[in-house]
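Notes follow once the structure below has been shown.
All ligand and atom numbering here is 1-based and tracks the order in the structure. Reckoned from all heavy atoms, side chains included, excluding hydrogens, waters and symmetry mates.
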Amino acid sequence: MNYENIYIEEENNIATITINRPKKLNALNKRTIAELHTAFKELDDDGETKVIIITGSGEKAFVAGADISEFAHFSVKEGRQLAAEGQNNLFDFVENLSTPVIAAINGFALGGGLELAMSSHFRIASDNAKMGLPEVSLGVIPGYGGTQRLPQLIGKGRAMEMIMTAGMIDANKALDYGLVNYVVSQEELLPLCLKIASRISNNSSVAIKYAINAVNAGFKYDVNGYASEIDAFGTCFGTEDFKEGTTAFLEKRKADFPGS
Ligand code: COA
């Protein structure tokens, strides 16, 4: 696929996907969602990429939401389809990806932008970032998982207030709420993400895949998280990474994980 609205940079097994529609504050139109799906899938499948960082181009926005101009005239059926396809192809897809995804929130993360950041495995923000779910100010509700993931991350009462007021919180409030893990200056944002990504990439990518799965299992209504953990824990004992990790520890050397 030829990318028009995103670009990818890769170094030391860490890929950075940048959403690149700065004139539209990186708003997510259909094409961008399709490109992101393909990019996440290809990086997850390539056997090389150990961590993915997702960010927005420019200094103003991570993503200012779904592209309002694309859905303003949608019918009920089209609205439902928009949410279902978006959740399936991007938001749930990212959350359940085997490769860790870090959102580098470099400015406005609104609506679908905050939902994309919340689908990522964790978030780091620059100090100019502003986050919110403004959908009710447009007469609609969050449709890319925001009503589910925001309460999971910051608690029901705070999420209700943010959704009902359609207001924005700044980076420090987001840190206080636990919505982001760190707040740094814009210049420090990608270097910090890369530093953490590098630490992650030294560990077993197979074990990380099972850990993501087990953590996510606890947030699914039809899955028992503890049972999923037991199953995944056992599965790890059959992997080459487990053999290498335990052998390296006993031999007092650094593990060199084969990733299988
Ligand atoms: N969808 C489509 N276009 C968007 C957009 C979105 N979600 N967010 C911003 N844009 C476009 C604007 O229409 C404008 O385009 P134009 O120059 O062709 O008119 C451009 O991006 C710049 O935005 P602008 O509003 O001029 O910037 P600002 O600094 O005055 O305000 C925001 C920034 C983020 C506060 C404002 O753009 C905004 O409220 N965006 C919508 C946020 C939203 O409701 N998202 C949820 C969607 S479900």
Review point. Nearest to atom 33 (C) of ligand 1, what protein heavy atom do you find, and at what distance?
Key: L25 CD1, 3.6 Å
Review point. Where the side chain of E240 meets the backbone of G259, is there a donor-acceptor pair that is under 3.5 Å apart?
Key: no
Point to revise | L110 and ligand 1 - part of the residue with a heavy-atom distance under 4.0 Å | key: side chain
Practice item. From the options E70, E135, K24, M168, select the one whose nearest heavy atom is closest to atom 3 (N) of ligand 1. Key: K24
Practice item. Please check if a non-hydrogen protein atom sits closer than 4.0 Å to atom 25 (O) of ligand 1. Key: no
Check your understanding: Is the shortest distance from a heavy atom of K23 to ligand 1 less than 4.0 Å?
Key -> yes
Point to revise | Main-chain N/O of R21 paired with N26 side-chain donor or acceptor, under 3.5 Å | key: yes
Review point. Any side-chain heavy-atom pair from V51 and L194 closer than 4.5 angstrom?
Key: no
**Study point:** Option nearest atom 42 (C) of ligand 1 (shortest heavy-atom distance, choices A64, G132, A166, G143)
**Key:** A64
Check your understanding: Does some non-hydrogen atom of the protein lie less than 4.0 angstrom from atom 44 (O) of ligand 1?
Key -> yes
Review point. Is any heavy atom of the protein nearer than 4.0 Å to atom 7 (N) of ligand 1?
Key: yes
Practice item. Considering only NZ, NE, NH1 and NH2 on the basic side and carboxylate oxygens on the acidic side, decide whether E161 and R158 come within less than 4.0 Å. Key: no
**Study point:** Mutual orientation of the aromatic rings belonging to F91 and Y144 [parallel < 30°, tilted 30-60°, perpendicular > 60°]
**Key:** parallel
Revision key, fill the gap. min-distance protein heavy atom vs atom 46 (C) of ligand 1 -> P134 CG, 3.8 Å
Review point. Short check: is a protein heavy atom less than 4.0 Å from atom 30 (O) of ligand 1?
Key: no
**Study point:** In one Ile/Leu/Val/Met/Phe/Trp/Tyr side-chain cluster, 4.5 Å: F122, M131
**Key:** no
Exercise for review: Examine the proximity of ligand 1 to L138 and report which part, side chain or backbone, both or neither, has a heavy atom under 4.0 Å away.
Suggested key: side chain
Exercise for review: Can you sort out which atoms of ligand 1 are near D67, meaning under 4.0 Å from one of its heavy atoms?
Suggested key: 1 (N), 2 (C)
Exercise for review: May I ask you to say whether K209 pairs ionically with D44, meaning some side-chain N is under 4.0 Å from a carboxylate O?
Suggested key: no
Review point. Is it true that E4 and R31 make a salt bridge, defined as a side-chain N closer than 4.0 Å to a carboxylate O?
Key: yes
Review point. Does the protein put any heavy atom within less than 4.0 Å of atom 18 (O) of ligand 1?
Key: yes
Study note, to complete from the structure: Closest to atom 5 (C) of ligand 1 among protein heavy atoms sits A27 CB, 4.1 Å
**Study point:** Is_contact(atom 21 (O) of ligand 1), protein non-hydrogen, under 4.0 Å
**Key:** yes
**Study point:** Protein contact for atom 38 (C) of ligand 1 (heavy atom, distance under 4.0 Å)
**Key:** no
Check your understanding: Are any non-hydrogen side-chain atoms of I54 and I102 less than 4.5 angstrom apart?
Key -> no
Check your understanding: Is it true that A66 lies under 4.0 Å from ligand 1, counting heavy atoms only?
Key -> yes
Review point. Can you tell me how far the CD atom of E9 sits from the CD atom of E11, to the nearest 0.5 Å?
Key: 9.0 Å
Practice item. Please indicate, with yes or no, if any protein heavy atom is found under 4.0 Å from atom 1 (N) of ligand 1? Key: yes
Exercise for review: Spell out, as yes or no, whether a donor-acceptor pair under 3.5 Å connects the side chain of R123 to the backbone of A103.
Suggested key: no
Practice item. Identify whether the distance between the nearest side-chain nitrogen and carboxylate oxygen of D67 and K30 falls below 4.0 Å. Key: no
Check your understanding: Backbone, side chain, both or neither: what part of K60 comes under 4.0 angstrom of ligand 1, heavy atoms only?
Key -> side chain
